[in-house]
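Presented below is the structure to which this report refers.
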Amino acid sequence: MSHRSFFISVTVSVLLFSFSARSQEPAPARGLDETETAAVRKKAIKLLESVAGELGSLHSAENRARIGSNVADLLWNHDEQRSRNIFTAVQEDIKAGFNDSDPDTSAHNHTLMVFGRLRGDILGRIAPHDPELALEFLRATRPPSDLELPYGMRDGEKSLELRLASQIAAKDPQLTLKLGRESLAKGFSAELWPVLSQLLKKDKEAALSFYKAIVDKLKSANLARDPQAIWLALRLARFFQPPEADEQVYRELIGILLESALANGCATASEYDSTYLCREIGSIFPKMEKYYSPRATGLRRWALEGQRGEGLRTAESQRVSEIIDEGTIEEILALAPKHPEMQDRIFWSAMSKAEYAGDISRARQIASDVPDERQRRSMLAHLEGDQEWSSMSDQKLAELQQLVTSFRRPVQRIEFLLQVVSRMRENDRKTALELLSQVDQIISSIKPGTEQLGGQMRLALMYCSWKSDRGFAIMESLIPRLNELVAAAATLDGFENNYFRDGEWTMTAAGRIGELLTGLAQNAGYFGWRDFDRSVTLANQFERPELRLMAQLKIAQGVLTNQRNPHISTIIR
């Protein structure tokens with residue numbers, strides 16, 4: 001392959017594997033030693049305590065709840081009692097949000113939706129610390145029974161309870177089992193499945209107990225008329241089998257499905273009279289034949305049709321996705337022989353996981369073992385492309401510049417150059433800074449607006465990753481502009497976007513300005529690791545107190561959650 005063809009190939013790879021994926025890779029290693037790290041963390045705690053002390057100055061219940069719950073979460077291990085007190089105050093703020101009395105129906109419903117989402121987020125922050133406190137918060141903040149909820153919130157209470165049950169399984173499996181049983185008593189739900197899955201990981205006895213409770217309730221269900229019940233029953237039959245499941249209970253489950261199929265005429269129905277129920281239950285015909293032959297014989301006709309069913313394909317796809325997201329490289333690779341139709345995705349995912357972990361030799365081995373020649377070549381070319389960009393010769397720099405000029409739009413040039421710099425080795429600092437200077441010039445040529453401002457923020461982050469003061473210098477010049485934009489948004493509030501609630505800026509990423517501020521907030525911790533004191537000084541330049549407190553919170557949060565690498569894609573482009 002010629003150098004020109006190679007660079008074009010890499011460019012295609014860059015465009016296919018978006019900046020968002022690549023921006024999560026580790027920047028060149030420039031960490032702090034243990035003493036320096038401890039000192040920065042100590043500063044972060046002190047900053048959080050300062051933010052906690054100013055929560056009462058905020059007028060917006062939304063901002064108090066959003067900022068306060070984050071502070072309480074982060075301070076828990078340092079000062080548990082103070083965290084509990086903050087969560088108690090946050091609880092009252094959420095209740096106040098549900099008591100909104102705006103006569104504008106649209107605005108009222110939007111407020112309810114915002115507080116509903118915020119309530120779920122806060123629940124997730126409390127649960128890992130104290131499951132009982134999380135349950136208390138959930139029940140204390142239920143919307144009033146006479147409140148007419150927006151459509152999207154009407155079935156949310158049951159989902160929240162089951163989500164909490166899943167979250168606390170590792171810490172309190174008995175409470176998870178209790179919540180699962182209470183929810184099951186009210187009816188079937190797809191969210192019962194993750195509760196069972198999480199229980200199985202932590203407490204097999206509790207999981208088997210819950211499994212039996214579900215099967216017992218299925219005995220009285222009308223599977224033909226209850227989509228949630230048939231979905232759950234089939235998922236149990238496909239993915240929770242002996243030896244994980246109790247043999248007798250599993251046999252009862254298969255019997256329930258068989259009886260439902262027979263009762264709904266699946267044994268006598270023709271192909272043209274097929275129903276969803278017959279096709280889906282037919283997908284597990286081998287199980288019915290194993291336990292209930294010859295009664296199941298009449299359903300054989302549905303076996304092939306059922307295997308093609310949409311429900312089975314969806315279930316398999318979900319299972320593969322779960323393993324890809326949460327599994328080890330070995331678990332991901334084990335999927336390949338079972339799902340030949342999904343091998344492309346499986347091998348790419350395994351290779352990407354190894355590459356992201358920094359194990360390039362393992363990633364290359366995975367690519368080399370791919371049976372399809374075209375896919376194998378593509379994956380190896382991707383890896384070679386990454387390695388080629390990690391260091392620069394004069395020849396490669398010349399060809400890179402030739403390629404940059406081939407991009408028509410400035411934003412494409414910026415994307416490509418930032419990609420290259422993010423992959424370069426630490427000993428190429430001089431070249432990296434020269435390329436960033438080139439990016440700076442391109443950004444300056446863009447018409448002033450959100451695209452230029454977002455590009456400057458992303459550039460500042462990249463400069464910081466190379467230990468250049470230019471990154472902070474850029475941000476110091478941008479904060480006054482952001483203050484001007486926020487002030488302008490206050491004037492325009494309610495015309496194109498609703499930026500404010502109770503006289504304060506909302507943190508919901510509304511509009512282009514909101515997206516910029518949210519992207520900056522999500523990277524504040526990265527600046528904090530580079531220079532904590534200078535980052536706080538920057539945060540203090542925000543004129544609005546709520547923005548200043550949120551910026552301070554995000555700096556401390558990034559440090560305490562070890563946010564060492566920039567997520568540049570979160571800043572609007």
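In this structure a side-chain-to-backbone donor-acceptor pair under 3.5 Å is missing from E54 to V51. In terms of modelled atom types and a separation under 3.5 Å, the side chain of R376 and the main chain of V370 share a donor-acceptor contact. With hydrogens and angles ignored, the 3.5 Å screen pairs no side-chain donor or acceptor of D73 with any backbone N or O of S83. No donor-acceptor pair under 3.5 Å is formed between the side chain of R119 and the backbone N or O of I94. Judged by distance alone, the side chain of S50 and the main-chain N or O of K46 form no donor-acceptor pair under 3.5 Å. With hydrogens and angles disregarded, a donor-acceptor distance shorter than 3.5 Å links the side chain of Q343 to the backbone of A336. Not one N or O on the side chain of D428 forms a donor-acceptor pair closer than 3.5 Å with the backbone of T431. A donor-acceptor contact shorter than 3.5 Å is absent between the side chain of R544 and the backbone of V486. Under a 3.5 Å cut-off, the side chain of Q452 and the backbone N or O of I443 do form a donor-acceptor pair. The main-chain N or O of L433 is never found under 3.5 Å from a side-chain atom of S437 such that the two would form a donor-acceptor pair.
One distance of note links CZ of R413 with OG of S406; it measures 8.5 Å at 0.5 Å rounding. If you take CD1 on I446 and CZ on R409, they are separated by 9.0 Å, rounding to the nearest 0.5 Å. Atoms CZ and CZ, from R41 and F532 in turn, are 11.5 Å apart once rounded to the nearest 0.5 Å. The CG atom of L380 lies 4.5 Å from the OG atom of S368; values are rounded to the nearest 0.5 Å. With values rounded to the nearest 0.5 angstrom, W348 atom CH2 is found 4.0 Å from S378 atom OG. The distance from atom OG of S422 to atom CG of L461, rounded to the nearest 0.5 Å, is 12.5 Å.
Of the listed residues (R534, R481, R470), just one forms a salt bridge (Lys or Arg N to Asp or Glu O under 4.0 Å) with E476, and that residue is R534.
In this model, no donor atom of one side chain and acceptor atom of the other lie less than 3.5 Å apart for R501 and T506. When only modelled atom types and interatomic distance are considered, Q198 and S166 share no side-chain donor-acceptor pair under 3.5 Å.
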| said: For I414 and L459: C-alpha separation, side-chain torsions, deciding distance, then whether side-chain contact (heavy atoms from CB on, under 4.5 Å) applies. | reply: CA-CA 9 Å; I414 294 168; L459 179 62; over 6 Å; no
| task | Please report the C-alpha distance between D93 and R66 in whole Å, then the side-chain angles of each, then the deciding distance to 0.1 Å, and finally whether the salt bridge (charged side-chain N to carboxylate O under 4.0 Å, His left out) criterion is met. | result | CA-CA 10 Å; D93 289 325; R66 191 181 304 279; over 6 Å; no
| task | Determine, step by step, whether E504 and R64 satisfy the salt bridge (charged side-chain N to carboxylate O under 4.0 Å, His left out) criterion, reporting the C-alpha distance in whole Å, the side-chain angles of both residues, the deciding distance to 0.1 Å, and the verdict. | result | CA-CA 11 Å; E504 291 180 355; R64 288 196 303 269; over 6 Å; no
| query | Can you list the steps and then say if E543 with R548 is a salt bridge (charged side-chain N to carboxylate O under 4.0 Å, His left out)? | reply | CA-CA 7 Å; E543 293 175 353; R548 173 176 53 81; over 6 Å; no
| task | Determine, stepwise, if the pair R362 / E330 fulfils salt bridge (charged side-chain N to carboxylate O under 4.0 Å, His left out). | result | CA-CA 11 Å; R362 180 71 190 282; E330 290 73 18; 3.2 Å; yes
| Full working for side-chain contact (heavy atoms from CB on, under 4.5 Å) between T37 and V40 | CA-CA 5 Å; T37 297; V40 173; 5.9 Å; no
| said: Pair D440, Q456 - check side-chain contact (heavy atoms from CB on, under 4.5 Å), show working. | reply: CA-CA 8 Å; D440 200 350; Q456 288 170 325; 5.8 Å; no
| query | Can Q552 and L549 be said to form a side-chain contact (heavy atoms from CB on, under 4.5 Å), step by step? | reply | CA-CA 5 Å; Q552 291 175 351; L549 289 178; 3.7 Å; yes
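Closest of all the heavy-atom pairs between L112 and P150 is CD1-CD, 3.8 Å. Of all the heavy atoms in P371 and F347, the pair that sits closest is CD-CE1, 3.8 Å.
The local environment of NE2 in H78 is crowded, with over 12 non-hydrogen atoms from other residues, nucleotides or ligands closer than 6.0 Å. The local environment of CG in D372 is crowded, with over 12 non-hydrogen atoms from other residues, nucleotides or ligands closer than 6.0 Å.
Ring geometry for W505 against Y499 counts as parallel: the plane angle stays under 30°, on a 0 to 90° scale with 60° as the upper cut.
Annotation: ring-ring contact (aromatic ring centres under 6.0 Å, His included) contacts of F527 (sequence neighbours excluded): F472. Every residue two or more places apart in sequence or in another chain was checked for a side chain to side chain donor-acceptor pair (under 3.5 Å) with R377, and none qualifies. Scanning for side chain to side chain donor-acceptor pair (under 3.5 Å) contacts around Q375 gives an empty result, with sequence neighbours left out.
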